[in-house]
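Comments concern the structure below.
Labels below follow one simple rule: chain letters A, B, ... track the order of the sequence lines, proteins then strands, and each chain is numbered from 1. What you see is a predicted model, and the numbers here were worked out from it, not measured in a lab.
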Protein chains: 2
Amino acid sequence: MTDKKPGMQVRGSTTGRPIMVLFDVLGQRWTLRIIWELRTGRMTFRELRSHCDEISPTILNQRLKTLRELGLVNHEEGGYGYTEMGAELAKKLGRFDKWAENWAKTLDMP
Amino acid sequence: MTDKKPGMQVRGSTTGRPIMVLFDVLGQRWTLRIIWELRTGRMTFRELRSHCDEISPTILNQRLKTLRELGLVNHEEGGYGYTEMGAELAKKLGRFDKWAENWAKTLDMP
DNA sequence: CTTGACGCTACATAATCAGTAGCATATGTC
DNA sequence: GACATATGCTACTGATTATGTAGCGTCAAG
């Protein structure tokens, strides 16, 4: 089911280029959100689920499985959380927050 | 159809927080890829399509519509390309490339 | 032996995506 | 004017994914 790994072919790319694999994975619904929510620390499946607005457990589980296989998230004492690489990625994503605020302003926004 | 704008509610978030809107949009299939492919410059619908591995025109059009409404992409002389904000976003995404290469290495990879 | 939290699965329905065909407009060529 | 070509895009059908709700099996505590 989860057979996305750098080096393998992914939807829309026969190269297996890591960035393509990454985009392919992040381009799945909820993945970005899940990574984002974990920024506040480790949490259980159910905690994570409620942080993600009660996302369906089916999807949450699928995403966590993928993220674990890709070495971005793990599950140990304290619940789900980042691996080292996962933390790096999350840090990068964090930088979008400020940008998004500005972006919102350029769009005539609340 | 495309009613995603910062300040509005999106899937999984009642706050309309810009970062959530962003993640919601980027979490749609092909969106990241489309932004990525435009990095080499403006191109026509059809050119863009072939850069994206012949993505269905239905989807491409939907995504472009959304990206245009969100002020990230526009369509003028020379074809589709970034707006100012779009270029900023793309630049940020570009930084994932190197990270992804390293990430791939940590996963025992080609 | 009941209670509660945990990680997760089953299953049916709804939303989204994909793939192919082809239209309408514009531009250039003869 | 008739014809070819490129462009942006829509229509339509079938396949894939996501959603939502219920609840199971395990474990630790009371």
**Q.** Residues forming a side-chain hydrogen bond (donor to acceptor under 3.5 Å, both in side chains) with A:Y80, sequence neighbours excluded
**A.**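 For A:Y80 the side-chain hydrogen bond (donor to acceptor under 3.5 Å, both in side chains) partners, ignoring immediate neighbours, are A:R68.
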Q: May I ask you to evaluate whether A:Q62 reaches the phosphate of D:dT17, defined as a side-chain N or O under 4.0 Å from OP1 or OP2?
A: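 Checking A:Q62 against D:dT17: no side-chain N or O falls below 4.0 Å of OP1 or OP2.
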Q | N/O (side chain, B:W30) to phosphate O (OP1/OP2, C:dA18) under 4.0 Å | A |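 For B:W30, the contact criterion (side-chain N or O under 4.0 Å from OP1 or OP2 of C:dA18) is met.
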Q.
Looking at every heavy atom in both B:I34 and B:C52, which two are closest together, and how far apart are they?
A.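 So the two residues come closest at CG1-SG, 4.0 Å.
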**Q.** Minimum heavy-atom distance A:T31-A:V25, with the two atoms named
**A.** OG1-O, 3.3 Å
(Q) Just to verify, what does A:T83 make a side-chain contact (heavy atoms from CB on, under 4.5 Å) with, not counting sequence neighbours? (A)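 Applying side-chain contact (heavy atoms from CB on, under 4.5 Å) to A:T83 gives A:N74, A:M85.
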Q.
Treating A:W103 as the side-chain partner and B:L70 as the backbone partner, does any N or O pair qualify as donor plus acceptor under 3.5 Å?
A. yes
Q | Test: B:D24 and A:R33 ion pair at under 4.0 Å | A | no
Q: Taking salt bridge (Lys or Arg N to Asp or Glu O under 4.0 Å) as the test, write out the residues that go with B:E54, two or more places apart.
A: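 B:E54: salt bridge (Lys or Arg N to Asp or Glu O under 4.0 Å) contacts with B:R49.
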Q: Kindly write out the residues that satisfy salt bridge (Lys or Arg N to Asp or Glu O under 4.0 Å) with A:E76, not counting sequence neighbours, or none if the list is empty.
A: A:R42
(Q) I need a per-nucleotide contact map over nucleotides 8-15 of chain C, read 5' to 3'. Cutoff is protein heavy atoms under 4.0 Å; write B for the base, S for backbone only, - otherwise. (A) BBBB----
Q | Degree of bending, the helix from C:dC1-D:dG30 to C:dC30-D:dG1 (end axes from five pairs; round to 10°) | A |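 Roughly 10°, once rounded to the nearest ten degrees.
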